[in-house]
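Below is one structure, written out as structure tokens; comments come after it.
Convention: sequence-line order gives letters A, B, ...; per-chain numbering from 1.
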Protein chains: 2
Amino acid sequence: MASPAKGPNLKTVASAVGVSVATVSNAYNKPDHLSAELRTRIFATARELGYAGPDPAARSLRGRHSGSIGVLSTVQLSYAFTDPYCTAYLAGVADAAERYQTSVLLIPLAPRGVSSDEEVRQSVVALRNAVIDGVVIDGIDDGHPALRVVDERRLPRVRSTDDPAGRCVLIDDRAAGELLGRHLAGLGHRNVSVVAASVHAPGQISVAADDGELYPYARLRVAGLRDGLGAGGHVTVMAVGPNRTEDGQAATAEILRREPRPTAIAATSDALALGVIAALRERRAGPGAEVSVTGFDDIPAAVAAGLTTVRQPIREKGRLMARMLLDPSLTQRRIVLPAELIVRTSTAPAPAVTSATSASR
Amino acid sequence: MASPAKGPNLKTVASAVGVSVATVSNAYNKPDHLSAELRTRIFATARELGYAGPDPAARSLRGRHSGSIGVLSTVQLSYAFTDPYCTAYLAGVADAAERYQTSVLLIPLAPRGVSSDEEVRQSVVALRNAVIDGVVIDGIDDGHPALRVVDERRLPRVRSTDDPAGRCVLIDDRAAGELLGRHLAGLGHRNVSVVAASVHAPGQISVAADDGELYPYARLRVAGLRDGLGAGGHVTVMAVGPNRTEDGQAATAEILRREPRPTAIAATSDALALGVIAALRERRAGPGAEVSVTGFDDIPAAVAAGLTTVRQPIREKGRLMARMLLDPSLTQRRIVLPAELIVRTSTAPAPAVTSATSASR
DNA sequence: TCGTTCTAGTAGAACGATACACAAATCCAT
DNA sequence: ATGGATTTGTGTATCGTTCTACTAGAACGA
């Protein structure tokens, strides 16, 4: 990128008008520290010389404040704009930013697991160089190097998962998972498979030995689900790349190939759950018939799909996260938003116990 | 927003290691201008002191380069994320930015016509203060003050409409409009109403006396449509707020109230066209039956709606606009992308001439 | 006339980094 | 040993602001 031509600056204008630079600076920043007459005279010559006002970079350096906040996410930006969860979240962040006349800097980060370590390191460069006052962080697994950079740079940060060292806005994922678990248990489901977002590459699917590789929010939802199902419940976790409908579909194919077949499949997001439903449809097994399906988020498409899910106020979450950064009067360290179980047609009573399932105990 | 605590800087590190600041700077920027041993020693002490590397603001000032580009749009950010056109465009911009390790700054601008002059002026402040290397501009009417600021700041810019003074990526809107016009003419349509995006407030609807108040792209599409319809065609233009489906619906209600009724309604975007279709459905007049409907853009929802439209490569447009800013080898001033007529079921032969229409000549 | 308070403006030191020109040390081929 | 590269490293001016402390003069009351 070509450097912009060197233009006029405070000094240029000051000497043209015949005053000091401080005075010109004041003309822009402290209107009442100089006479109105002088002020208009300064603006007139500024316009003449083509001076556009104080340089943002210099001002940021001097003032230690840039008027923009960063949005961190390992979701490919190009994908982020097509994902209903992401757009709702971003819209919320934008709401708050708009109100505080702040701009929003989208910082592309390579997701671990998908990209090579080198790519990840490379992608963090953009974060290192970003001129921002703080960051909101959503959907980044705990080990990502970007988090260390945020720390090192001492950037104020707000996360959407519990963060002992910092502030956060979140729902009680564990309790929400429990709602789902109890709902399923109440319908007689004992054998449940979970399709859970992990740091896996898209397309990569595996049975999760432990829950360590899952995203924090997914881990909590699964834990809650276990609690909710109670002692009689049996849960298998299928770890997939984060949040792509295709992966939910592929994971379901794999699940249905195994014995014992679960009577319900819970996904850690609606996007994945839509994939689960698609896979069932392919096999002429409508959701809610042989197999019940649950999601998480309550994105608009969930309504049409009849998906039982947990509604969380996504946009409100983004809005609050940004406000925490921008509004000094908002001093809470941790805000828990309400989540609500939405029961639709994708869940139904478990079918009578088959020989396969009873044999499995 | 609280200023971050004052941390260590180049000087701190330099004196701790016992070298000059220039050397520490080189350790970060020119690895081969110092010995590997010294370099690792510098990094070690930097880590110890909690130094996160060169300060972005200072670097931007000195280097006249910030590593981020701005996206200008008068579409409310909160809405932008839900609009298929906008998200496709943003995804394209993000594609290119990602490849050049550049971040994307969304700059919220108040739309003229909707907001007060004061609000517009206020919103431009964010643009004034943005630390960016250039901007891509889409969907801003020619008179918006933001354009003057971009000029004054001498920011490199790429627009999506013809810009005599600058570079642009666009489709031939006029020719595309002509495609639609000829298609309609070929089906026997003579009396066509247009629902066109203008600087109007959302909800505000009026018959456009001339095309001056329309957005530039809309103006061209209407002009092309006129050409395509030929001498026998009769066009009424209904100006509405930009791109909201509800407005397309309301405008259609108004159109249908008037005599003579058009046999076809052309909208300057698919979003508006979906509103037209909704209005027709409300009146049990399916699109393609009594009244034909055309859109523009070919967003995903157009397929489901059976909408005849012009497909433009939206994402590719965003991608190229950003690349023009970031890739010095891309020197073209003006790039025209292909647009293609997609005929679906929303257009059909005009019904036999009714007394109302024949009376109107 | 003095002392005090305003008003309108100024000088100069940061802010933190990078580029340029230069210098000392090392190395290689004469 | 000499001359010339090459490698490493150093001072210092500069980017364009804003902030702190200060001053000259006017205004004002007593």
Side-chain angles (χ1 to χ4, degrees), chain A residues 3-42 46 49-67 128-133 152-155, chain B residues 3-42 46 49-67 128-133 152-155:
Chain A
S3 318
K6 177 172 171 174
N9 53 23
L10 274 191
K11 198 150 75 176
T12 326
V13 177
S15 67
V17 180
V19 293
S20 78
V21 289
T23 303
V24 180
S25 172
N26 284 337
Y28 285 96
N29 303 309
K30 323 212 164 143
D32 27 343
H33 274 41
L34 40 64
S35 68
E37 184 272 333
L38 180 54
R39 198 165 112 96
T40 54
R41 198 148 53 88
I42 287 175
L49 296 174
Y51 177 68
D55 178 90
R59 185 189 275 231
S60 305
L61 171 57
R62 176 63 228 232
R64 302 158 161 293
H65 173 274
S66 72
R128 275 223 151 75
N129 293 335
V131 185
I132 44 178
D133 299 331
E152 286 172 4
R153 284 192 58 182
R154 294 172 176 69
L155 285 170
Chain B
S3 318
K6 177 172 171 172
N9 54 20
L10 273 192
K11 197 149 75 176
T12 325
V13 177
S15 66
V17 180
V19 294
S20 79
V21 289
T23 303
V24 179
S25 171
N26 284 337
Y28 286 96
N29 303 307
K30 323 210 167 148
D32 29 342
H33 274 42
L34 41 64
S35 68
E37 184 271 334
L38 179 54
R39 198 165 114 95
T40 54
R41 198 148 54 88
I42 287 176
L49 297 174
Y51 177 67
D55 178 271
R59 186 191 277 235
S60 305
L61 171 59
R62 177 63 228 232
R64 305 161 162 290
H65 172 274
S66 73
R128 275 223 152 75
N129 293 336
V131 185
I132 44 178
D133 299 331
E152 286 172 3
R153 284 193 58 182
R154 296 171 175 71
L155 286 170

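- Distance CD/A:E37 to CD1/A:I42: 9.5 Å, rounded to 0.5 Å.
- Annotation: side chain of B:V21 is not in contact with side chain of B:N9 (no heavy-atom distance under 4.5 Å).
- Distance B:N9 CG to C:dT18 P: 12 Å, rounded to the nearest Å.
- The closest side-chain donor-acceptor pair between B:N26 and B:T23, if any, does not fall under 3.5 angstrom.
- Contacts of B:L10 with the nucleic acid, taken as non-hydrogen atoms under 4.0 Å apart, include base atoms.
- Residue contacts shown for A:Y28 are absent, as no nucleic acid heavy atom lies under 4.0 Å away.
- The distance from atom NE2 of B:H65 to atom P of C:dT18 is 13 Å, rounded to the nearest whole Å.
- A:R153 places a side-chain N or O within 3.5 Å of a backbone atom of A:R128 that can act as its donor or acceptor partner.
- Here the range on DNA chain D touched by chain A, meaning any atom under 4.0 Å from one of its heavy atoms, is D:dC15 to D:dC19.
- Atom CG in A:N129 sits about 14 Å away from atom C1' in C:dT18, given to the nearest Å.
- At least one donor-acceptor pair under 3.5 Å links the side chain of B:R154 to the backbone N or O of A:G50.
- Considering only side-chain N and O atoms, A:S35 lies nowhere under 4.0 angstrom from the phosphate OP1 or OP2 of C:dT7.
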Pairwise N/O distances under 3.5 Å, protein to nucleotides 19-28 of chain C:
unit_1: C:dA19; atom_1: O4'; unit_2: B:R62; atom_2: NH2; d: 3.3

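- Straight-line distance from the CZ atom of B:R64 to the P atom of C:dA17: 18 Å, rounded to whole Å.
- Between the CZ atom of B:R62 and the CG atom of B:D55 there is a distance of 14.5 Å, given to the nearest 0.5 Å.
- Counting any heavy atom pair closer than 4.0 Å across all strands shown, A:T23 reaches a base atom.
- Taken together, the paired segments of DNA chain D that extend over three or more consecutive Watson-Crick or G-U pairs, each closer than 3.5 Å at both contacts, are C:1-30 with D:1-30.
- The distance from the CG atom of A:D133 to the OG atom of A:S60 is 7.5 Å, given to the nearest 0.5 Å.
- Rounded to the nearest 0.5 Å, atoms OG (A:S15) and CG (A:L10) are 11.0 Å apart.
- Residue-level contact check: A:L61 touches the bases, meaning some heavy atom is under 4.0 Å from a base atom.
- Within the 3.5 Å criterion, the main-chain N or O of A:P56 finds no donor-acceptor partner in the side chain of B:N129.
- In terms of position along DNA chain D, the nucleotide closest to B:V19 lies nearer the 5' end than the nucleotide closest to the other residue of the pair B:A58 and B:V19.
- Looking only at side-chain heavy atoms (C-beta outward), B:L38 and B:V19 come within less than 4.5 Å of each other.
- Atom OG of A:S35 sits about 7.5 Å away from atom CZ of A:R41, to the nearest 0.5 Å.
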